[in-house]
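Notes for the one structure printed next.
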Amino acid sequence: MSDQTKDQAHGNPFWSPAVAQLQPYVPGEQPKTTARLIKLNTNESPYPPSPRAQAVLKEEGLASHLRLYPDPESTELRETIATQFDLSPEQVFVGNGSDEVLAHAFYSFFKRPQPLLFPDITYSFYPVYCQFYDITPQTLPLREDFSIAVEDYGVDNAGGVILPNPNAPTGRYLPLAEIEKLLQLHPERVVVIDEAYIDFGGESAVALIDRYPNLLVVHTLSKSHALAGLRLGYAMGQAHLIEALNRAKNSFNSYPIDGIAQKVATAAIADQAWLTDNCAKVIATREWTCMQLDDLGFDIVPSTANFILAKPPKLAAEDLFKALRERNIIVRYFNKPRISEYLRISIGTDEEMQALVAACREVL
Ligand SMILES: *Cc1c(COP(=O)(O)O)cnc(C)c1O
C-alpha cells in the first residue's frame, strides 16, 4: 500500500476499520500484453493445457448450459479427483483456485486463539489470511540452506501448521517421513500441506490421508496442469475435515466453481498421461537451466518445483532483475529478508530459458 492510499484509507469514512487495516496480497505482475515478453515471474506453465481439456471448450451447446446454476457440489469433478488418488468423493473439496481452498482451510481449522505455525520464508498469502481471519502467525526460520527444520515445530499449544511442499519460493522439497513427524507432533491440530508444485518431482502426502485424521493436502490446476486462468484448486483429507470446509464454503458462496470450469477441470484431471509428459518436459528444462546458471556462477537452491531460486554472482539480484526487464524478460524479485539476494525464475520453454541464459551471460 502506498502512503497515499494508506492516508485515504484511514480518512475514508465509508471503509470499515477492518478493511482499512488490511494489507492485501500482491500477485506477480500480469502485463496487459505478453507479445515479445518472456514471462518467468508467476510459475505458470509455458505449454497449453491437455488437448482433452481444450476440447471441452469447443463442445456444442456449452454456453447454453450457463443458463442454469452449476452443480454446487461439483460431483463429477470430485469423483474424478477421488478416482485419481484412490479416495472417496467425501474426501475431496474443490474451490475457485487453491487460494480459495486455503482461505476456507484457515477459517475452518486455524481460526482459534493459538498461533498458526509456518516457515519464515514461504508463500506470502499465509500471513495475509492470518490478518484477514485474525489468526496469530508464528513463523519458524528455515535452516541456512533453506530447508525446513521440522524439529522446531514441536511448539506447545499451536493452532495448526501450514507449509507448501515443495516450499515456495525456495523450491525445496521435504521428504514424506518429515511430514509424518509434523503430523505426529500435533495430533489434535490440522496440518495443511500445500502441494502446488508436487508434480514436478516430489511424492504427494495423499498416501498418508488414511492414517492421519489431521492431514489436509491442497492441490491446484494452476501450475502442473497449465490452467492458471481456469481457477481450480482442491483439498483432500478425511471426510470430517472436508465437512468443515463445506460448512465454511456454504456460508460464503454455494457456487464457487462455474459450470465450464467443472467440465474443463474434470477432463484435465482425467488426462494423467498428459500431466506426466508435461511435467517431464518442465523438469528436463529445469535441470538444463540449473546447469547453465551454475556455469555462470549462480548459487542455486535445489528445486523440485517449476521454478528456481538463484543468487547471481557479481551483480545484486535487483539490478539483474532490472537488466532482464529491459531485455523483455520478467522474473520475480522479493525485497524481503534472507531472499533479497535471489531471483525466482519460473521454468519456461527451452527457447525461453536459452534466451534467459544468454541475457544473464551478457549482463554479467
Ligand atoms: C500458486 C500457488 C497457490 C495458488 O494457486 P491457485 O490455485 O492459482 O490459487 C497456492 N499455494 C502456493 C504455494 C502457490 O505457489
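Looking only at side-chain heavy atoms (C-beta outward), Thr42 and Gln30 come within less than 4.5 Å of each other. Phe106 places a side-chain heavy atom less than 4.5 Å from the side chain of Ile135. Residues Ile38 and Leu356 are not in side-chain contact: their nearest non-hydrogen atoms beyond the backbone lie 4.5 Å or more apart. By the 4.5 Å heavy-atom criterion applied to side chains, Pro127 and Phe118 are counted as neighbours. In this structure the side chain of Leu142 reaches within 4.5 angstrom of the side chain of Ile148, judged on heavy atoms. Leu241 places a side-chain heavy atom less than 4.5 Å from the side chain of Phe109. Looking only at side-chain heavy atoms (C-beta outward), Thr122 and Thr170 stay at 4.5 Å or farther from each other. Side-chain contact check for Leu116 versus Thr136: every heavy-atom pair is 4.5 Å or farther apart.
Side-chain atoms of Asn306 do not come within 3.5 Å of backbone N or O of Phe200 as any donor-acceptor pair. When atom types are taken as modelled, the side chain of Gln131 and the backbone of Gln21 share a donor-acceptor pair closer than 3.5 angstrom. Remark: side-chain polar atoms of Gln54 are paired, donor with acceptor, to backbone N or O of Pro49 under 3.5 angstrom. Put simply, the side chain of Arg344 never gets that close to the backbone of Phe334: no donor and acceptor are under 3.5 Å apart. Between the Ser74 side chain and the Leu77 main chain, no donor and acceptor come within less than 3.5 Å of each other. Within the 3.5 Å criterion, the main-chain N or O of Lys281 finds a donor-acceptor partner in the side chain of Thr285. The closest donor-acceptor contact from the side chain of His219 to the backbone of Gly233 lies at 3.5 Å or more, if one exists at all. With hydrogens and angles ignored, the 3.5 Å screen pairs a side-chain donor or acceptor of Asn278 with a backbone N or O of Ser224. Under a 3.5 Å cut-off, the side chain of Glu287 and the backbone N or O of Ala284 do not form any donor-acceptor pair. Here the side chain of Asn253 pairs a donor or acceptor atom with the backbone of Tyr255 at under 3.5 angstrom.
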Test log, rule side chain to side chain contact (heavy atoms under 4.5 Å, CB included), inputs Ile329 and Leu40: CA-CA 7 Å; Ile329 300 175; Leu40 307 175; 4.1 Å; yes

Could you please spell out the steps behind the side chain to side chain contact (heavy atoms under 4.5 Å, CB included) verdict for Ile242 and Val92? CA-CA 7 Å; Ile242 302 305; Val92 180; 5.9 Å; no

Check the pair Ser340 / Asn335 against side chain to side chain donor-acceptor pair (under 3.5 Å), numbers first and verdict last. CA-CA 5 Å; Ser340 63; Asn335 192 5; 5.1 Å; no

Checking Trp288 against Val357 for the side chain to side chain contact (heavy atoms under 4.5 Å, CB included) test, could you report, in this order, the C-alpha distance in whole Å, the side-chain angles of both residues, the deciding distance, and whether it holds? CA-CA 10 Å; Trp288 180 87; Val357 169; 3.9 Å; yes

Would you please test Tyr333 and Asn41 for side chain to side chain contact (heavy atoms under 4.5 Å, CB included) and show each step? CA-CA 9 Å; Tyr333 172 70; Asn41 67 330; over 6 Å; no

Side chain to side chain donor-acceptor pair (under 3.5 Å) between Asp120 and Thr139, intermediate numbers included: CA-CA 5 Å; Asp120 62 339; Thr139 59; over 6 Å; no

Which is it for Glu76 and Gln262 under the side chain to side chain donor-acceptor pair (under 3.5 Å) test, yes or no, and what are the steps along the way? CA-CA 8 Å; Glu76 199 190 346; Gln262 290 187 29; over 6 Å; no

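Between the CG atom of Leu87 and the CD atom of Glu79 there is a distance of 13.0 Å, given to the nearest 0.5 Å. In this structure, CE in Met353 is found 6.5 Å from CD1 in Ile345, a value given to the nearest 0.5 Å. Here Tyr342 contributes atom OH and Leu320 contributes atom CG; the two are 14.5 Å apart, rounded to the nearest 0.5 Å. Interatomic distance, Arg172 CZ to Ser303 OG, rounded to the nearest 0.5 Å: 10.0 Å. With values rounded to the nearest 0.5 angstrom, Leu37 atom CG is found 7.5 Å from Glu29 atom CD. Once rounded to the nearest 0.5 Å, the distance linking OG of Ser45 with CG of Leu221 reads 12.0 Å.
Counting all heavy atoms, side chain and backbone alike, Pro89 lies closest to Arg78 at O-NH2, 2.9 Å. Leu183 and Leu215 make their closest contact through CD2-CB, 3.7 Å (heavy atoms, listed as atom of the first residue, atom of the second, distance). Across Ile283 and Gly201, no two heavy atoms sit closer than the pair CD1-N, 4.2 Å. Looking at every heavy atom in both residues, Leu185 comes nearest to Gly154 through CD1-N, 3.8 Å.
Aromatic ring pairs are classed by plane angle as parallel below 30°, tilted from 30° to 60° and perpendicular above 60°; the pair Phe307 and Tyr197 is perpendicular. The aromatic rings of His225 and Trp274 lie parallel to each other, with less than 30° between the two planes, well short of the 60° mark.
Taking 4.0 Å as the cut-off between side-chain N and carboxylate O, Glu362 and Arg327 count as a salt-bridged pair.
Under a cut-off of 6.0 angstrom, the local environment of CZ in Arg247 is sparse, with at most 12 non-hydrogen atoms contributed by other residues, nucleotides or ligands. Heavy atoms from other residues, nucleotides or ligands lying under 6.0 Å from OH of Tyr47 number more than 12. More than 12 heavy atoms of other residues, nucleotides or ligands lie within 6.0 Å of CZ in Arg143, so this atom counts as buried by the packing criterion. Counting heavy atoms of neighbouring residues, nucleotides and ligands inside a 6.0 Å radius, atom CG of Asp152 exceeds 12 of them. In Glu188, the CD atom is not crowded: 12 or fewer heavy atoms of neighbouring residues, nucleotides or ligands sit closer than 6.0 Å.
Tyr153 has its ring centre no less than 6.0 Å from the ring centre of His186. The aromatic ring centres of Phe132 and Phe125 sit 6.0 Å or more apart.
Note on Leu62 and Val264: same hydrophobic cluster, where clusters join Ile, Leu, Val, Met, Phe, Trp and Tyr whose side-chain heavy atoms are under 4.5 Å apart, directly or indirectly. Leu163 is not connected to Tyr25 by any chain of hydrophobic side-chain contacts under 4.5 Å among Ile, Leu, Val, Met, Phe, Trp and Tyr, and they are in different clusters. In the hydrophobic clustering of this structure, Ile179 groups with Met236; members are Ile, Leu, Val, Met, Phe, Trp, Tyr whose side-chain heavy atoms approach within less than 4.5 Å, directly or through other members.
Looking only at atom types and distance, the side chain of Glu73 has no donor-acceptor partner in the side chain of Thr75 under 3.5 Å away. For the residue pair Gln238 / Tyr212, no side-chain donor-acceptor distance below 3.5 Å is found, with atom types taken as modelled. The closest side-chain donor-acceptor pair between Ser204 and Glu195 falls under 3.5 angstrom. Side-chain polar atoms of Asn167 and Tyr173 form no donor-acceptor pair below 3.5 angstrom.
The list of salt bridge (charged side-chain N to carboxylate O under 4.0 Å, His left out) pairs with a residue in residues 209-225, not counting sequence neighbours, reads Glu180-Arg211. Sorted by first and then second residue, the side chain to side chain donor-acceptor pair (under 3.5 Å) pairs with a member in residues 95-115 read Asp99-Tyr123; sequence neighbours excluded.
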Determine all donor-acceptor pairs shorter than 3.5 Å in which one atom belongs to a side chain in residues 291-298; sequence neighbours excluded.
none

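In this structure, Lys249 fails the cation-pi test against Phe93, since its NZ or CZ atom is not both closer than 6.0 Å to the six-membered ring centre and inside 45 degrees of the ring normal.
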